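The sequence lines fix the lettering, A, B, ..., with proteins before strands; numbering per chain opens at 1. Not measured: the values here are computed from a predicted model.
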Amino acid sequence: MDFVCAKSDLVFGVKLASVALGTRSSMPILAGLKMEITGSHLSLQATDLERAVRCEIPIENKGGDEAAVLNGAILNQIASHLPADDRITFRTDEASGTTVALRCGETSFDLPTLPVEDYPEIAALPSAKIATINVADFHHGLEHTAFAALKAGETTRMSLTGVDLVLKANQLRMVATNGYRLAVKTIDVTECQEEGEYLIEAGVLIDLDRVLAQVDSPTLDIRRGEGQLFFHAGAVTFMARTIGEEFPDFERVIPRDNPIALTFERRALLEALQRIQITAAEDSGAITILGGTDETAVRIRSSSKDKGEAEERVRLKKAPTKPIEISFRAEYVIDVLKRLASDTVTIWLADGRKAGLIEPAADPIAPADQGFLYVCMPVLLSS
Amino acid sequence: MDASSERWIGHLDMDAFFAAVEQLDEPKFRGKPVIVGGLGSRGVVATASYEARRFGVHSAMPMAMARKRCPDGVFVPPRFERYCEISARVREVLLRVSPVLETVSLDEAFFDVSEHGAAAMAVALAAKQEVQRETQLTCSVGVAPNRFLAKMGSDLSKPDGFLVIRPERVREILDPLPIGKMWGVGDVTERRLRGLGLLRIADVRTAPVELLEREFGRMGVRLHELARGEDDTPIAGESESVSMSREVTYAVDLLRAEEIEDEVRRLARHVAGQLRAASMLCRTVRIKIRYPDFRTITRQVKLPVATDSEGLIETLAVHLLRQRAELDERGVRLLGVGVSRLGVAATRQLSLFDGVPASILERGQQAPWMGKESMGRDRSPL
């Protein structure tokens, strides 16, 4: 291996690929970052077997098409602290063949290589696209859904750790749930060649989002592999494994005609909930919303045996059409209010035992909030 | 202290519950000796109807002996789902009169009627009548200033009884009773008390407390208190003593590990169903294993958050079996799964999807056995 590349390109490639570096001690090779030269391109790859990142940077190749695996964490640290010089050279030590010399300005590192033949084969990028989407829309979609899933390790139900991606009728629906609340975001797809449904771990998609934030590409195309989905933007490919478990039938649980609308100024409601949550009972984390038809406000309350009680009056845009009393886990409502951008939100309710629907309210909906809805099941309190 | 601040505890006990339910659902069993329990060769009697008790059949008796004593009896296996359903209706009635309810088992509960003041007895009696109307079954209720006396009241008045034990009548009622009638005194304690010449509750009451303490330790002091009719145990919606469980003694020992695990899963789902039917949550899951040599072990795990999730209870029961119990080629004779530290599902986060056992383990409470590696996920290379 013998090449020269621009410092900015190397830093970009190493930072991106490092997102997917493995940490499991059972497979030490996954701590490695694979560098593979093809002509005047260097591909940098990392994987933890759940996800893989591959990105290509241009190089000035002085040798043949070769590959090497270096410790990814070390390379990442070096990339963060390179001296002020634009060019970096990489050269395999001819004598041993087991170290690579990296030089930048007056600095040089000799880095041991890991056995390249141990590195797992990452599937090649399939040629056929199934859809093309706008990166900014996809980012908002993840921001509005991934939080609603459980973390891997919190459950044995893998479907509850994922974001379900449903491609249908030129739209992408992104859906996540922990079994108690559900977030749905529908975004337009620039092009959709093939409809389908794919479930991917939320944490993996959040890493994809981190990668996309650094890639200068307005669009992203999606390709389908065997048990994986490939996301391709600019010079970067991100591969994610799909979860082979069925996602719950979410359409069925979205309440379509809850008659009682409580429309709030979003920030006012968020801040009130953050205060009232302080005295919420520890087991349920519940706050109770009480509204009557004679007032354009609701009272929000909480009470706990040890911490005390709190109540606050929060203004509504319009008095409710029916009296209502319902309790929610405060965190579930706060989670969504924090992530919205619109000035007003509406909570649609039927009664204290039925699911509530939370949506950004009109006049106007912030562009980032378009296509979003959230369903939350109440908490039943004893009385 | 005025009358309204007195404590009045009720204890409701359904009469011969499982057998009575069978007689209710199957008219041709009525008036006959009905015996509910495990029908296998090593089953035991869960409940015997009053008709069967006349033949000397009682609960916990080996089924083989029950068959010998009552050859013409009607022997039926238990239908827990049905009992749970009726039990839940009883709870509903009691919750209407009492904010504090302690469910001891499917057929027994303590409730607090103190807040009704002078009307406490009338309210308790009305609750008994309402339970009978609602379930078409009889029950017995004791009302007293504490838990122990309330339980004694329902026991003494069975069946279809109602007994109020006022403080001034405690001695008159308790004193003449043989010590075996005292709640909490089992066969072994009874024998030891008799050995000391203490035959009636009055004897225990008048015995020097030092003697009882020397013989029985702390339990001796407690016995002395109970004999005086004193008991300050609170009734609680949540208590270690409250539990639900399901145990099966197998006709033939189970040998294969997969078979044992399948049984544990089945029992766990059953108990979870019982919990849900009773609208309760648990915070401890335990398993019980009896080996062919009768050595018996129990293993339990405590949960950070109360649950009634079938999936979680099943997962934890299997975890206990795999990680904390030894199995060898001798197999097992009995398996049981139980839940305890029960709470009335006073506060309950409703689920979006029926039957989806979402994790009850909230953020930061990851259970080590639920690590990614153990999830059986396909880990083939990319």
Please list, chain by chain and in numerical order, all residues satisfying side chain to side chain donor-acceptor pair (under 3.5 Å) with B/Ser245, sequence neighbours excluded.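 Not a single residue meets the side chain to side chain donor-acceptor pair (under 3.5 Å) criterion with B/Ser245.
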Apply side chain to side chain donor-acceptor pair (under 3.5 Å) to A/Thr177 and list each qualifying residue two or more places apart in sequence or on a separate chain.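 Side chain to side chain donor-acceptor pair (under 3.5 Å) check on A/Thr177 returns nothing, list empty.
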A/Glu226 atom CD, neighbour heavy-atom count above 12 within 6.0 Å: no
With a 6.0 Å cut-off (strictly less than), is the heavy-atom count around NZ of A/Lys354, excluding the residue itself, greater than 12? no
How close do A/Met377 and B/Gln349 get, heavy atom to heavy atom, and via which atoms?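 Closest heavy-atom pair between A/Met377 and B/Gln349: O-NE2, 2.9 Å.
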If you look at every heavy atom in B/Phe353 and A/Leu182, which pair is closest and at what distance? CZ-CD1, 4.5 Å
When rounded to the nearest 0.5 angstrom, what is the spacing between CG in A/Asp249 and CG in B/Leu352?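 Between A/Asp249 CG and B/Leu352 CG, I get 11.5 Å after rounding to 0.5 Å.
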